[in-house]
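A note on names: the letters A, B, ... follow the listed sequences, proteins ahead of strands, and every chain is numbered from 1.
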Amino acid sequence: MNLKLTFKRKLYIFLMKVAMIFSTVFTVALIAFLLFYVLAQGIRNINFELLTTKPSYLLGKIGILPDILNTIYIIIATLIIVLPLGVGAAIYLTEYAQNKKIVKTIEFASETLAGIPSIIYGLVGMLFFCQFLKLGTSIIAGALTLSIMNLPTIMRTTEESLKTVPQSFREGAFGLGAGKWRVIRTVVLPNCLDGVITGCILTVGRILGETAALLFTAGFAHALNGIITGLVSPGATLSVALYVYAKEQGEFEIAFAIAAILMILTLIINLVATLISKFFKLRSSI
Amino acid sequence: MKNKLFENIMQAIFLILGLIAVGFVLLISFYLIISGIPAILEIGVFKFLFSKSWAPTSPQENFGILPFILTSIYGTSGAVLIGLPIGFFSAVYLSKFAPKKIKLIAESAINLLAGIPSVVYGLVGMLVLVPLIKIIFSLPDGASLLAAILVLSLMILPSIIKVSINALEAVPKEYEYASLALGATETETVFKVSVKAAKSGIATAVVLGVCRVVGEAVAVIMVSGNVANMPSLFQSVRFLTSAVASEMAYSSGLHRNALFSIALVLFLFIMIINITLNFFIKRDRKG
């Protein structure tokens, strides 16, 4: 470009470019710092003993095996509860719903749920699941709370992938004389698998990072339990344990070890999410 | 006939599943209202919202949540003030100028930022940012509103950047071609045409970010010092969220009910933000 620009325009262009490059470099550098700082502080504190024992006051040692197990229990329980609800709601919205008012109401409700802060979920979970339903402070109460929290995610991802199932698939199946439910079960559902899986991954990521909603519903015990007793007894997930160790007990080395584990898990989750969306894109393009 | 009945049953089941989200919203509103209203009525609406002192356990107990409300408002505005320009310029660069490779790396970095648990932000803030503020401003304690604002502005970045990129990329190419053909340079085109066209998308991005920041509890508890002062940049402060989270464990009676009232106030804040968001999205769709 050999345009003669006035000084004012040149200055404007220059300033905008500086601002853009500065902001991007700043953001990326900050993320890199955060990642490497947490990993560097954390990984040297991770050892086999930490991962495979429970905390013991007698020996003065801290182990995070109970917290790891609790995290796994709560993820499994939440997914089992939220998947049928979320997928069912998405199927209703895309396949059955004809009344626009109902659709709008459901969509508004789902957006509202997505915006409610986790501390409020924690409070209501405590009042409803722990006290009203008498579940007490337990993993299952935490899982139920997290299910409400993650319902909009599962609904949205499933709905999006249901919308990409071509209408001709359904028409073909109807044309062969299949009933509505049969069409959904055999044609529609298998084709929305990518959305369901994406939703699950997002949900797992959110559960891993959740603290505020679990403090009052699942509690912060570190007892080592099997899955059945684990579900009905209180227990801290990794994030809750990190919070308790850092804020209440000043055990920063343990906290950083847990932070590093969570960071690595977040990286893995992001990677898997990208790979899965690529895999399904590839498959649908064939 | 049997088939028809079966189909109707299935339809009813799915209708119920669809309405569950509505049920949950009603449940949450119901619980917040019945548990939040009594304390507000007992204390008095005006006194509760506008009294400056929060002293639930002292002999002259007082339940004024103005410090928390103002802290939440200042903290959120501060986070937007810092996060918006950085996020906005990064989003413009990444969507319009960045080479593909850089864009890919930056986008996965930002996805990571969005996925990092808030306790990790809190931990790093507590051990890096708070001591740093203490040294730089030579304060007795670095846990302050400033620390909370800095942590929150980092947390608001991913939603601002991601949603803004989407909005900027959705701008029709013709707009940009027209501007370029009229002699504007590429930078001028992007900032004066594309950004204007993506205005409401960017506004949506900001509101979404605000939503996350207003509701953030654990990260701000860890860095803000958690004392119920009126907000001031270098003082220890307490947010609406952290007030609920930090006192719930040991409160009882009116104190406990007052915490539910705080949650109700927070819920109303979020509802107002959501309605604003819907307004922007609707305006966007209309054109």
Go through the steps to decide whether B:Ile221 and A:Tyr243 satisfy the test side-chain contact (heavy atoms from CB on, under 4.5 Å), and finish with yes or no. CA-CA 10 Å; B:Ile221 293 186; A:Tyr243 175 74; 3.7 Å; yes

Applying the side-chain contact (heavy atoms from CB on, under 4.5 Å) test to B:Leu113, which of A:Thr266, A:Val28, A:Ile31, A:Leu35 qualifies? A:Ile31

Identify which part of A:Leu34 has an atom lying under 4.5 Å from any heavy atom of chain B, answering side chain, backbone, both or neither. side chain

Check each atom of A:Leu30 against the heavy atoms of chain B and say whether the ones under 4.5 Å are side chain, backbone, both or neither. side chain

Using heavy-atom distances under 4.5 Å, tell me whether A:Leu151 contacts chain B through its side chain, its backbone, both, or neither. side chain

Just say parallel, tilted or perpendicular for the rings of A:Trp181 and B:Phe14, cut-offs at 30° and 60°. tilted

I need the single residue from B:Leu17, B:Leu15, B:Ile13 that forms a side-chain contact (heavy atoms from CB on, under 4.5 Å) with A:Tyr92. Which is it? B:Leu15

Under 4.5 Å heavy-atom distance to chain B, tell me which part of A:Phe108 shows up: side chain, backbone, both or neither. side chain

Looking at B:Tyr250, I want to see if its OH is surrounded by more than 12 non-hydrogen atoms of other residues, nucleotides or ligands under 6.0 Å. yes

Does A:Tyr12 have B:Lys192 sitting over its ring (NZ/CZ under 6.0 Å from centre, angle to axis within 45°)? yes

Stepwise side-chain contact (heavy atoms from CB on, under 4.5 Å) check, A:Thr24 with B:Phe89: CA-CA 7 Å; A:Thr24 312; B:Phe89 282 113; over 6 Å; no

Identify which part of A:Ile102 has an atom lying under 4.5 Å from any heavy atom of chain B, answering side chain, backbone, both or neither. side chain

Need one label for A:Ile120: side chain, backbone, both or neither, based on atoms under 4.5 Å from any heavy atom in chain B. side chain

For A:Phe174, does the CZ atom have more than 12 heavy-atom neighbours from other residues, nucleotides or ligands under 6.0 Å away? yes

Flag, side chain of B:Glu188 to backbone of A:Arg9, donor-acceptor distance under 3.5 Å: no

At a heavy-atom separation under 4.5 Å, does A:Leu267 approach chain B through its side chain, its backbone, both, or neither? both

Proximity of residues 154-165 of chain B to chain A, residues having a non-hydrogen atom under 4.5 angstrom: B:Leu154, B:Leu157, B:Ile161

What about the rings of A:Phe128 and B:Tyr31, do their centers lie closer together than 6.0 Å? yes

